[in-house]
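Step one of this worksheet: look at the structure below.
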Amino acid sequence: MSEIPKHYDPQSAQQEWFPFWEQRGYFNADPGTGKPPHTIMIPLPNVTGALHMGHALNGTCQDLITRWRRMQGYEALWMPGTDHAGIATQAVVERRMLEEEGLTRHDVGREALVNRIWKWKEVYEKRIVSQQKSFGASCDWRRIRFTLDDVCAKAVRHTFFKMFRDGLIYRGKRLVNWDTFLQTAVADDEVFEEDIDGHFWTFNYPVVDESGAPTGELIRFATTRPETMLGDTAVCVHPTDERYTALVGKSVKIPVNDRVIPIIADALLADKEKGTGAVKVTPAHDPNDYACYLRNPHIGIINILNPDGTLNEYGQEWEGIDRLAVRDKVIEKMSNLGHFEGVEDRRIPLKHSDRSKTPVEPYLSDQWFVKMDDHADGKPGLAQMAMDAVEDGRVRFFPSRYAKTYLDWLGEKRDWCISRQLWWGHRIPVWTGKMHEKGFMNLLVGEPSGNPDSKALQAIDAKAEVKVNYSDGSSDSEETSGTRVVDANSIRDVTFQTVSRDGETWILACVDDGHPELEAKLEAAGFEQDPDVLDTWFSSALWPHATLGWPDIDHNPPLNEEELAKQTASPSTVDLQPSTENTVLNTFYPHETPADGNHSVLITSRDIITLWVARMVLTGLYNMRDIPFRHVHVHPKILDGFGQTMSKSKGNGVDPLDLITKYGADAVRFSIASFAGETQDVRLPISYECPHCETLIPPKLYKLGAMTVVVPTTLKGEFPVPQGQPKPTLACTNKKCKQESQFSTPLYDPEPNQPVAAVVSERFEYGRNFCNKFWNAARFAMMNLEGYQPGEVTADQLQLEDQWILSRLSTVAHQMNEYLSRYQFDAATRAIRDFTWNEFCDWYLEMIKPRLRKKEGAEQSEERAVAQRVLLAVLDSLVRLLQPFTPFICEELWQRLKEIAGERALPNASADANAAVLTPQACADSVVIANWPDVPRSWQDESLEKRFAQLQDTIIAIRNVRAIYNLPPGVPVKLLMRTTPDVAQEMQSVASQFDNLTKAVLEAAGADVERPSGSASFSLGNADGFIPLEGLIDREAELARQQKEADTLRKHIKGHEGKLNNESFTAKAPAEVVEQVRETLAGLKKQLQSVEEIIEDLS
RNA sequence: GGUCGCGUAGUUCAGUUGGUUAGAACGCCUGUCUUACAAACAGGAGGUCCACAGUUCGAGUCUGUGCGCGACCACCA
């Protein structure tokens, strides 16, 4: 057996077994197998870039649950895919294009840009998939989807159409975060705040009378954005502010453009305590001012900006100039006109676009919205439907506290802005044009004479009624008078709303998927398609049913041929031919009733509970009339050692692939699982690894302007790097190395072909060490299988240690199910690790060594055979129990074991008490598809475990003595035990283990054993042990040791006595608790008595 | 400002419904290359469970307040 290496080699196992699993189709999940379905939908990674630690944690949890359920006999689907991530991806491609070629998107045009992004997507999707596979992700890769592929596009288009038809989608105005660089609106969550050094200017506006002549009064106000005064439409004060009461209703003149605007009172906008108490109102460029405008619509609204951030015609002489340049001009002009009062420096929190890193402008624009509130007739709207699903328990959160995040957010019922001014994404399927003179429907289906239905269609045009009239302020009263919705039953593929603008009626026509002829007709009639695309979350919200082929109900969704080709032989017995119904959707989309055995869980991070989880529930209920998952598990977030979020821009991110290379996929998975508990955050302290000698150099925080980045403590040099100067390095702290090297940082790109210190974390040694331990345990077993014959094992053949390990195995196997079903990965990991290492390796393997060495004689060989069979049974169960955590090492061991011991004795779950405990069975072709261990609960024996613990305590005490007296391991000692007859008998029966485990020869055990002089002693609760060490004993040291022990005991005795002397304790505490304290006290007193006797002896 | 979470050994974390002498891993100290494993084995040291108050016979655990840290949401003339 010398060919089994001493160390587990993760890289070769990873290379060998993943293709093996794929080729055999083990990860495939298909309808019609008769197994209960289990569904996990992957939280879509963006195609923007590489995977990070968050993905690694997220993926590990999902793979664990999927592999566990698969072994339990579920048809376990883990659906993979990627997200087109509109803004993020377009921004990254645009930025690269600008940097490398100096081109903007307007230079290349819509089609060319989209083509470039598709190319980017192909590269990055491949990379992401290969990263996931290197982790061992057991997704059904044949089913991989992309949010822009045809299947998803159809779902998106149809959902939009349905919502539009149902009056749930409307067009309105909103003040958005406008990215002037990318020229698009960005969502609130795509904006980050950064404090910048700015100024706070104070100006005044002159109050004027009705003829426009100055009255001599002035209103003073302060602003951080003077240029917006060009768009002011009012000055606002608090209604109860006596300083201004007399002025309300009068007007002021804006000196820079001579526009006269009213002075209004608004309690929500103005604050008496702040500044001068007066504030200028710029509705089109400030969210609060916009809200004020909605309350006071008579003041009007003026947009002064072009989409690129330059001023429009309202900028007058500054039209076409960037807003920031205009700021200085406005100040200068105000100053020249005598209305400038002062300036102070101030740190200003300024919103920046996450994508372009440029400041965003509040900007009023036309957007599309999904109505979230309840219907006018009181029926629950989308938000309420989604809230109900969680409130009545159809969807459950783990940990449950996250339900609050979900419910609070949905409870606001704020309309969902779904349009984005981008080119990369699902284009909004709405065409706008003027009302056709012969009616809209005729336009699409032809003249009345040529079409028998056209009369009916004209009637539809005529009776189109106003169904939704929203006056929540989202609409501009001048442009949109209301939304008209036709009764769309007769025309199923197009629906429209009418809008009156500039006295004319305009049609907003929405066309369902699959009708290019209708689109062509519209375009021929001068209709134009909306240039915007949909919010990325609109398509990802449909993920759970879109990927399963919805809205097609008459055939299954297509499989990915490239992935299919990787499978040489599909073991699936299921007919994959096209069916006449969508059995994939029917099988894997969850149902509300748990009785059908269907299980499903969404495993995700807390920051997208609102953006994604809530919206999946909402669209699931809307489209499928059923929830998209029964459980939502929210896992912790990984922070660095300073408690900061890991991110590329901070330089504290660990690359999972670096970890896999360094520690192996199994080790990384196992470590990750060990810290995936119910807490909110997990800290993962990082270090830099010297590329020359692998020494770890700790990090420190480094302030650079407003940014805080992470750098090595031994940083040499400074940031920012001055032109032409060498880049900063880290100095290795290893005295033998001392070399300097570049390090991974966002602040520079390393020089090519020079070594770079990577960011790593020592915490993954936990998993690596465990894998190696497990490997060696299996190696030991395989080295001791010489002459192994499969055969059953009966209860009477089991030794104490066999009974004990089987009892423990049963306990642990059941714990695993409990922990995993509650998504407590950390607890499950601890349980299996402790069992493997501390019980199986440290005790069981050590205890059976003598039996395995026995070779002579029939009796001996039977003893050996039993030991081998039990050993294999436990090892076999362990390989199965660990498979979801560490699949590669488990497959490697499974296959090796299969060669040596293809039939192993497995737990016999039979209820027959006389049946064998273990019966041999052939093992499966792969551990991935093996059965999850079903270990009988009846094996658990508490009293046996207690007796065993006594044996362990004795052995530890003997080893302690050996260590204190520095006795070499090979030197035997004598052992005398003073104890009750029954314990003495027990000791005698395991005497060989004293010898085996600690080279102690049990000379005597019984009640009348006396302590030999010159002995080291130890006292356990119900036994005292003596080890004669004539000549070796250090009387003083031994005395001191015993005194210390006695002191500890006295302290605890005092505590317990205190409790029992407290009458209210004995009166009020439960009897069993009091009894327990009494027992413990008695035990402690007995132990103290022994120790005191020993002390007396010694002195 | 609102909501949620966290504060336990040098470090990272466990600690079920309150109830034996508060645990683990890493690190540290002392031995050991003992025939599976030095990525290991054996032994050991190390804790006023953030503070104060309350509930209780009993608080690491429950309640309140304070301090420190973090996240999400809202806001910031």
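No cation-pi contact links A/Lys773 to A/Tyr8, judged by a cut-off of 6.0 Å to the six-membered ring centre and 45° from its axis.
A sub-4.0 Å separation between OP1 or OP2 of B/A36 and a side-chain N or O of A/Lys849 is present. The side chain of A/Asn960 contributes no N or O atom lying less than 4.0 Å from OP1 or OP2 of B/A42. At B/A71, none of the side-chain N or O atoms of A/Lys637 fall inside 4.0 Å of OP1 or OP2 (strictly under the cut-off). Remark: A/Asn769 is in phosphate contact with B/A40, judged by side-chain N or O atoms under 4.0 Å from OP1 or OP2.
Of all the residues in residues 837-846 of chain A, A/Trp837, A/Cys841, A/Asp842, A/Leu845, A/Glu846 reach under 4.0 Å from RNA chain B with at least one non-hydrogen atom.
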Sort me out a list of protein N/O and nucleotides 66-68 of chain B N/O pairs below 3.5 Å, or just none if empty.
none

Find every protein N or O atom lying less than 3.5 Å from an N or O atom of nucleotides 57-61 of chain B, and list the pairs.
residue	atom	partner	partner atom	Å
B/C57	OP1	A/Lys1068	NZ	2.5
B/C57	O4'	A/Ser1064	O	3.3
B/C57	O4'	A/Ser1064	OG	3.4
B/C57	O2'	A/Asn1062	ND2	3.1

Please list, pair by pair, any protein nitrogen or oxygen found under 3.5 Å from a nitrogen or oxygen in nucleotides 11-17 of chain B.
residue	atom	partner	partner atom	Å
B/U12	O3'	A/Arg683	O	3.4
B/U12	O2'	A/Arg763	NE	3.3
B/U12	O2'	A/Arg763	NH1	2.5
B/U12	O2'	A/Arg763	NH2	2.9
B/C13	OP1	A/Arg683	N	2.5
B/A14	O2'	A/Arg830	NE	3.3
B/A14	O2'	A/Arg830	NH2	2.4

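Rounded to a whole Å, the CD1 atom of A/Ile964 is 8 Å from the C1' atom of B/G43. Atom pair A/Ile955:CD1 and B/U34:P shows a separation of 21 Å (rounding to whole Å applied). For A/Lys1051 and B/U48, the NZ to P distance is 11 Å, given to the nearest whole Å. Between the C1' atom of B/A42 and the CG atom of A/Asn996 lies a distance of 14 Å, rounded to the nearest Å. The interatomic distance linking A/Asn966 (CG) with B/U32 (C1') rounds to 10 Å, in whole Å. The distance from atom CG of A/Leu967 to atom C1' of B/G31 is 11 Å, rounded to the nearest whole Å. Between the OH atom of A/Tyr965 and the P atom of B/U32 there is a distance of 19 Å, given to the nearest Å.
In the set B/C73, B/C37, B/C4, B/C4 carries the atom at the smallest distance from any side-chain atom of A/Lys404. The side chain of A/Met783 lies closest to B/A36 when the candidates are B/A36, B/U20, B/A39. Comparing B/G70, B/A25, B/C37 against the side chain of A/Gln680 picks out B/G70 as the nearest. Residue A/Arg414 places its side chain closer to B/C73 than to any other of B/A39, B/C73, B/G31. Among the nucleotides B/C4, B/G19, B/C41, the one closest to the side chain of A/Lys773 is B/C41.
Note on A/Arg606: only backbone sugar-phosphate atoms sit closer than 4.0 angstrom, heavy atoms only; bases stay farther off. Residue-level contact check: A/Ile956 touches the backbone only, with heavy atoms under 4.0 Å from sugar-phosphate atoms and none from bases. Within the nucleic acid shown, A/Tyr766 comes within 4.0 Å of sugar-phosphate atoms alone, with no base atom in reach, counting heavy atoms only. A/Ala278 comes within 4.0 angstrom of a base, heavy atoms only. Within the nucleic acid shown, A/Phe200 comes within 4.0 Å of sugar-phosphate atoms alone, with no base atom in reach, counting heavy atoms only. Note on A/Thr223: only backbone sugar-phosphate atoms sit closer than 4.0 angstrom, heavy atoms only; bases stay farther off. Note on A/Arg401: only backbone sugar-phosphate atoms sit closer than 4.0 angstrom, heavy atoms only; bases stay farther off.
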### Query
Passes side chain to side chain donor-acceptor pair (under 3.5 Å), A/Thr282 versus A/Asp232? Steps please.
CA-CA 4 Å; A/Thr282 323; A/Asp232 283 358; 2.6 Å; yes

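For residues 633-644 of chain A, the pairs satisfying side-chain hydrogen bond (donor to acceptor under 3.5 Å, both in side chains) are A/Asn58-A/His635, A/Asp640-A/Gln644, A/Asp640-A/Asn652, with sequence neighbours left out. Applying the side-chain hydrogen bond (donor to acceptor under 3.5 Å, both in side chains) rule to pairs touching residues 761-772 of chain A yields nothing, sequence neighbours excluded.
Look at the C1' atom in both B/G47 and B/G23: the space between them is 11 Å, to the nearest Å. Taking the C1' atom of each, B/A9 and B/G15 are spaced 14 Å apart, rounded to whole Å. Taking atom P on both nucleotides, B/C13 is separated from B/U55 by 34 Å, rounded to a whole Å. Going from the C1' atom of B/U20 to that of B/C4 covers 35 Å, rounded to whole Å.
A salt bridge links A/Glu361 with A/Arg225: at least one charged nitrogen is closer than 4.0 Å to a carboxylate oxygen. Salt bridge status for A/Glu689 with A/Lys662: present, with a side-chain N to carboxylate O gap under 4.0 Å. Here A/Glu1045 does not pair with A/Arg1041 in a salt bridge; the nearest charged N to carboxylate O distance is not below 4.0 Å. Under a 4.0 Å N-O distance rule, the pair A/Asp681/A/Arg606 qualifies as a salt bridge. Between A/Lys1044 and A/Asp1047, no side-chain nitrogen of the basic residue sits less than 4.0 Å from a carboxylate oxygen of the acidic one, so the salt-bridge criterion is not met.
Using Watson-Crick or G-U wobble geometry with both donor-acceptor distances under 3.5 Å, B/G5 finds its partner in B/C69. A 3.5 Å limit on both hydrogen-bonding distances identifies B/G54 as the Watson-Crick or G-U partner of B/C62.
Applying the side chain to side chain donor-acceptor pair (under 3.5 Å) rule to A/Glu1075 yields no partners; only residues at least two apart in sequence or on another chain are considered. Not a single side chain to side chain donor-acceptor pair (under 3.5 Å) links A/Thr223 to another residue, sequence neighbours left out. Applying the side chain to side chain donor-acceptor pair (under 3.5 Å) criterion to A/Asp834, with sequence neighbours excluded, gives no partner residue. Residues forming a salt bridge (charged side-chain N to carboxylate O under 4.0 Å, His left out) with A/Asp408 (at least two apart in sequence, or on another chain): A/Lys404. Taking A/Lys1054 as the reference, nothing meets the side chain to side chain contact (heavy atoms under 4.5 Å, CB included) condition, with sequence neighbours excluded. Partners of A/Asn1062 according to the side chain to side chain contact (heavy atoms under 4.5 Å, CB included) rule, which considers only residues two or more places apart in sequence or in another chain, are A/Ser1064, A/Phe1065.
Across the interface with RNA chain B, nearest-nucleotide mapping of A/Asp834 and A/His1052 shows A/His1052 to be the residue nearer the 5′ end.
Classified by interplanar angle (parallel below 30°, tilted 30° to 60°, perpendicular above 60°), the ring pair A/Phe221/A/Phe203 is tilted.
Remark: A/Phe1018 CZ to A/Ile1027 CD1 distance equals 5.0 Å, nearest 0.5 Å.
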